[in-house]
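A note on names: the letters A, B, ... follow the listed sequences, proteins ahead of strands, and every chain is numbered from 1.
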Amino acid sequence: MIVPLYGTIKNFIAIIMINIKFPDGNIKQFESGITPFEIAQSISEGFARMVLAAKFNGAEWDISRPIDEDGEIALYKWEDEEGKHAFWHTSAHLLAEALQELYEGIQFGIGPAIENGFYYDIDPGENTITSADFPKIEKKMMELVAKKEEVIRRDISKADALKFFGDKGQTLKCELISELQDGHITTYSQGNFTDLCKGPHVPTTAPIKAVKVLSLAGAYWRGDAERQQLVRVYGITFPKKKMLDEYLTVLEEAKKRDHRKLGKEMELFAFSQNVGQGLPLWLPKGTALRNRLQEMLTNIQRRYGYLQVITPHIGNKNLYVTSGHYAKYGKDSFQPIHTPEEGEEYFLKPMNCPHHCEIFRTSPRSYKDLPLRYAEFGTVYRYEQSGELHGLTRVRSFTQDDAHLFCTPEQLKQEFLNVMDIITYVFSKFGFDYEAQISLRDPEHKEKYVGTDENWEKAQQAIIEACQEKGLKAKQVTGEAAFYGPKLDFMVKDAIGRRWQLGTIQVDYNLPERFELEYTGSDNQKHRPIMIHRAPFGSLERFVAVLLEHTAGHLPLWLAPEQVVVLPISEKYNDYAKHVVNELDKCDIRAIIDERNEKIGRKIRDNELKRIPYLLIVGEKEANAEEVSVRKQGGGDKSSEKITTFATEITALVADQIKFESN
RNA sequence: GCCUGUGUAGCUCAGAGGUAGAGCACUUCCUUGGUAAGGAAGAGGUCGUGGGUUCAAUUCCCACCACCGGCUCCA
C-alpha cells in the first residue's frame with residue numbers, strides 16, 4: 001500500500017506501509033524500513049531494551065536491520081536461545097577483534113556461538129597463545145566494549161570480498177568465500193574488525209558486561225583431520241557480571257559431580273597404567289552396583305520374553321569377515337590374536353551381534369519361534385584412539401546390555417515399540433532427561449554403508465513411524481547411522497553438558513542377509529528375519545558414569561553399595577552395633593559400622609559425606625530398648641525405632657524401588 | 001591419532017639447580033562422648049618413566065608414558 005504525502009512533483013515522497021505479523025497472530029502496520037528494534041519499541045521501551053535478535057519470515061535477522069516487506073516477525077531476548085546466540089556470536093567477533101589487536105598476523109577461521117558461549121578458530125602464525133594470556137585478552141575485550149562500537153552489516157560482492165580478505169592475508173576466509181554464492185555474501189564490522197558473516201548480531205557490543213576466556217584447544221580446519229590444526233579459543237560473555245559469577249559457580253559445582261572423581265571417592269572403579277589405558281577395574285562396591293543394575297534389567301527383559309545367552313570374548317576372524325565388521329573396522333581394531341600352531345586369527349570381540357546370529361543358526365527356525373530375543377551382558381573390546389578415552393564414558397573394554405531380536409517383518413514394529421518402552425522406562429526410573437535422535441544414513445556417501453537402498457529405506461521408515469506412534473520427539477540426523485543400519489539413539493547429558501549416547505535401538509536387514517539367517521514361514525517357504533540391536537543402558541560403564549553425575553553420587557537406596565551405617569556413641573556400644581548389623585543382614589540390608597574411636601559428631605560428619613542413605617546412632621538408650629536412632633543422609637528427619645521396624649521399612653522401600661510394572 | 005596443559009605422600013596441593021613440605025586420610029596413645037571436624041605422637045614420597053646438560057637434577061633440555069580440555073573418530 002502506498003500513501004502519498006505532500007505530493008510535490010519535484011520531490012515525491014512516499015511512505016510505504018508494511019504488515020508485520022506477530023507470533024500471537026496479531027498484525028500491525030509499520031513504515032517500510034522499520035527495524036525489529038523499533039518494532040519492539042512500539043510494544044514497550046523496556047521490552048526493546050531486552051531484545052537481542054529477531055527472525056523475519058523464518059530468516060535470522062539483526063534487530064537493527066530494516067524490513068521493507070510484509071512478513072512475520074519473532075523477537076528474542078536473552079532468555080531465548082536465539083537471543084543468546086546473537087549475543088555470543090557478536091562476542092565471538094569481539095574476541096576476534098581483541099585477538100587482532102593483540103597478535104600480529106593471525107588468521108581467522110570460523111567463530112560461532114555454541115550452547116554455552118562461543119569460540120573462534122585462529123591460526124596464530126608466529127604468535128603463541130597460552131592460558132596465561134587470558135586476562136590480557138579479556139582486558140582487551142572489555143576495552144573494546146567500552147568504545148560501544150556499532151556492529152554494521154554490509155552486502156559485498158564475491159570479488160570484493162575475495163579482494164578485501166585477500167589483501168588482509170586471510171586465506172582461510174578466502175577459502176570460505178570461494179564456496180559462497182555471489183549476491184549472498186555479507187560482512188559485519190565493528191571498530192577495526194570486519195568478518196565474513198551471515199549474522200545475526202546485536203547492534204553494538206555495549207551490552208556485553210562480563211567476559212571470560214575459558215580454554216584453548218586444537219581444532220582441525222573445517223573439521224578435517226587431514227587439514228591444518230587451528231587454535232580454538234573458547235569464551236563466554238554475559239549481559240550482567242553476576243550472571244558470569246553464577247555460571248562459573250555452576251561449572252565448579254559440576255566438577256564436583258564428575259564421575260571420575262566420584263568413582264574414586266566412592267571406591268567404585270579405578271584405572272591402572274599397568275593394566276592399560278581405557279581398561280576400567282571395577283572395585284567391589286562398583287561391581288555390586290553394576291550387578292544390581294544388571295539384575296534390574298534382566299528382570300524387566302525376562303518379562304518381555306528375552307532369553308539370556310553367553311558368548312566368548314574372542315571370535316574367529318571369519319566371523320567378522322562374514323558380518324562385514326572386518327572390512328569396516330579390521331584395521332582400526334585391536335589386532336588379531338594368532339594361534340601358535342594352526343596360524344588362525346582371532347579378534348577380541350568388538351560386538352556381540354555376529355555371535356548372536358550364530359546362535360540363531362544353531363537350529364532351523366519356524367515363524368512360530370519368532371520373535372527370538374537373545375540378551376547378553378557382553379563385554380566387548382574396541383581400540384579407541386588414545387585421545388578419545390574419557391573416564392568410564394569412553395573406554396576400550398566395556399559391557400553392553402546387549403540384545404538382538406530376530407523377528408518377521410510383521411512383528412518388527414511391535415518389537416521396536418516394546419524396546420522403546422523398556423528404554424523409556426529405564427530412563428524415567430533414574431529420572432534422566434534424554435534427547436532422542438534418529439540417526440540416518442548419509443545419502444551422499446552410500447559407500448560408507450552396507451545393504452540395499454530398499455532395506456535402508458524400510459528400516460529408516462520403520463524407526464520414524466515408531467517414534468510418531470509413541471509421540472516421541474526425535475531429531476533426525478543424517479550421517480549418524482551405523483554402517484549396517486539406522487538407529488534411534490537416546491542421548492543424556494553429563495555434569496558439564498556433554499552429550500553421551502546411552503540407549504540405542506537399531507534396525508538391521510543386513511546382518512541376517514550376510515549370515516543367511518532364515519526361518520520357515522506359514523507358507524512353508526524360507527524367509528529372512530529382521531534383526532533389532534538394542535541396549536537401554538548402552539554400556540554399563542557409560543550408564544554408571546552418567547548415573548553418578550546425575551545423582552552427584554547420591555545413589556537411590558536400592559543401588560547404594562552401603563545402605564546403612566551404624567554409629568556407636570562410644571566404643572562401649574560396638575557390640576550392640578554389631579548386633580544391629582546382624583539383624584539388618586538377615587533382611588538383606590547392606591550395613592556397616594563406624595567403629596572408630598571418635599566422637600559421635602565426628603562420625604556423623606564423616607559418614608554424611610560418604611553419601612550412605614541412613615545413619616543409625618546407637619548408645620545406651622538404644623541398646624536397652626533394642627532400638628536405633630535413625631538419621632537420614634542429608635540431615636533429614638530423625639526418629640527412634642525398633643531395629644525390626646526400621647528393617648521392615650527399608651525392605652519395603654527397596655521393594656517399591658525395584659518393582660517393575662510393565663505397561 | 002592431532003593441538004594446549006598437567007604429572008611431588010592414599011587424596012587435595014605448595015615448593016626450589018645443593019637429594020622435599022602442608023592439610024586431610026592412616027597407625028598408636030589419651031579421651032568414652034548423644035546428631036556435621038576432641039587432643040597428642042608417629043609412620044608414609046626412587047618428586048610419572050628413560051636419556052642428556054651439570055661438580056650436583058625432582059627442578060633445565062629431549063624422548064616416551066599417563067591424565068585434563070578440545071578436535072577427529074565412535075561397530
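- As a whole-Å value, the separation of A:Arg596 CZ from B:rU27 P is 9 Å.
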Can you give the donor-acceptor pairs under 3.5 Å from side chains of residues 315-325 of chain A to other protein atoms, not counting sequence neighbours?
from, atom 1, to, atom 2, distance (Å)
A:Asn316, OD1, A:Asn318, N, 2.9
A:Asn316, OD1, A:Asn318, ND2, 3.3
A:Lys317, NZ, A:Glu345, OE1, 3.3
A:Thr322, OG1, A:Asn318, O, 2.9
A:Ser323, OG, A:Tyr320, O, 3.1
A:Ser323, OG, A:His325, N, 3.2
A:Ser323, OG, A:His325, ND1, 2.7

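- Under the 30°/60° scheme for interplanar angles, the aromatic rings of A:Phe406 and A:Phe360 are found to be tilted.
- With sequence neighbours left out, the ring pair (Phe, Tyr, Trp, His ring centres under 6.0 Å) criterion links A:Phe537 to A:Phe543.
- Nucleotides B:rU49 and B:rC73, compared at atom P, are 36 Å apart to the nearest Å.
- Atom NZ of A:Lys285 is surrounded by more than 12 heavy atoms from other residues, nucleotides or ligands within 6.0 Å.
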Atom pairs under 3.5 Å, N or O on each side, protein against nucleotides 58-64 of chain B: can you list them with distances?
none

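- Between A:Asp606 atom CG and B:rA36 atom P the separation is 12 Å, expressed in whole Å.
- Residues satisfying the ring pair (Phe, Tyr, Trp, His ring centres under 6.0 Å) criterion with A:Trp282, sequence neighbours excluded, are absent altogether.
- The stretch residues 611-631 of chain A touches RNA chain B through A:Ile617, A:Gly619, A:Glu620, A:Lys621, A:Glu622, A:Ser629, A:Arg631, each having a heavy atom within less than 4.0 Å of the strand.
- Spacing of C1' atoms, B:rU46 relative to B:rU59, comes out at 16 Å, to the nearest Å.
- Residue pairs meeting the salt bridge (charged side-chain N to carboxylate O under 4.0 Å, His left out) criterion with at least one partner in residues 618-635 of chain A, sequence neighbours excluded, are A:Glu608-A:Arg631.
- The aromatic ring centres of A:Tyr120 and A:Phe108 sit less than 6.0 Å apart.
- For RNA chain B, runs of at least 3 consecutive pairs of the Watson-Crick or G-U wobble type, with both hydrogen-bonding distances under 3.5 angstrom, map to B:1-3 with B:69-71, B:5-7 with B:65-67, B:10-13 with B:21-24, B:26-30 with B:38-42, B:48-52 with B:60-64.
- Each of A:Glu226, A:Glu175, A:Gln229, A:Gln228 was scored for a side-chain hydrogen bond (donor to acceptor under 3.5 Å, both in side chains) with A:Trp221, with one residue passing: A:Glu175.
- For A:Phe134, the ring pair (Phe, Tyr, Trp, His ring centres under 6.0 Å) criterion is met by no residue, not counting sequence neighbours.
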5' to 3', nucleotides 68-75 of chain B under a 4.0 Å protein heavy-atom cut-off (B base, S sugar-phosphate only, - none) gives SBBBBBBB
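- Residues passing the side-chain contact (heavy atoms from CB on, under 4.5 Å) test with A:Asp402, sequence neighbours excluded: A:Asn352, A:Gln400, A:His404.
- Residue pairs meeting the ring pair (Phe, Tyr, Trp, His ring centres under 6.0 Å) criterion with at least one partner in residues 248-268 of chain A, sequence neighbours excluded, are absent.
- When the P atom is used for both B:rG10 and B:rA63, the distance is 29 Å, rounded to whole Å.
- A residue-by-residue look at A:Ser570 and A:Gly276 shows that A:Ser570 has its nearest nucleotide of RNA chain B further toward the 5' end.
- Ranked by how close their nearest RNA chain B nucleotide is to the 5' end, A:Lys572 and A:Lys638 are led by A:Lys572.
- Note: CD (A:Glu265) to P (B:rC24) measures 17 Å, nearest angstrom.
- Aromatic rings of A:Phe483 and A:Tyr449 (six-membered ring for Trp) have centroids beyond the 6.0 Å cut-off, not under it.
- The nearest whole Å value for the distance from the CD1 atom in A:Ile604 to the P atom in B:rA36 is 6 Å.
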Return a single string for nucleotides 42-49 of chain B, one symbol per nucleotide in 5' to 3' order, where B is base contact, S is sugar-phosphate-only contact and - is none, cutoff 4.0 angstrom on heavy atoms. --------
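- For A:Arg227 and A:Tyr220, the positive end is not near the middle of the six-membered ring at less than 6.0 Å and at most 45° from its axis.
- Spacing between B:rU12 and B:rC74 at atom P, rounded to whole Å, works out to 34 Å.
- Spacing between atom CG of A:Leu262 and atom P of B:rU12 amounts to 13 Å, rounded to whole angstrom units.
- Remark: the separation of the C1' atoms in B:rG44 and B:rC11 is 13 Å, to the nearest Å.
- Across all their heavy atoms, A:Tyr434 and A:Phe490 have their closest contact at CD1-CD2, 3.6 Å.
- What separates CD of A:Glu598 from P of B:rG38 is a distance of 6 Å, to the nearest Å.
- For the P atom pair drawn from B:rG23 and B:rG42, the interatomic distance equals 13 Å after rounding to whole Å.
- Annotation: B:rA41 and B:rU4 have their C1' atoms spaced 46 Å apart (nearest Å).
- Computed from coordinates, the A:Leu609 CG to B:rC24 C1' distance equals 12 Å when rounded to whole Å.
- Across every non-hydrogen atom of A:Glu376 and A:Thr311, the tightest pair is OE2-N, 2.8 Å.
- If you check every strand for non-hydrogen atoms under 4.0 Å, A:Gln277 touches sugar and phosphate atoms only.
- The aromatic ring centres of A:His93 and A:Trp88 sit 6.0 Å or more apart.
- No side-chain heavy atom of A:Ser131 sits less than 4.5 Å from a side-chain heavy atom of A:Ser215.
- Scanning both residues, A:Gly553 and A:Met266, for their nearest heavy atoms gives O-CE, 3.2 Å.
- For the pair A:Ile600 CD1 and B:rA37 C1', the computed distance is 13 Å after rounding to whole Å.
- Rounded to whole Å, the separation between the P atoms of B:rU6 and B:rA14 comes to 11 Å.
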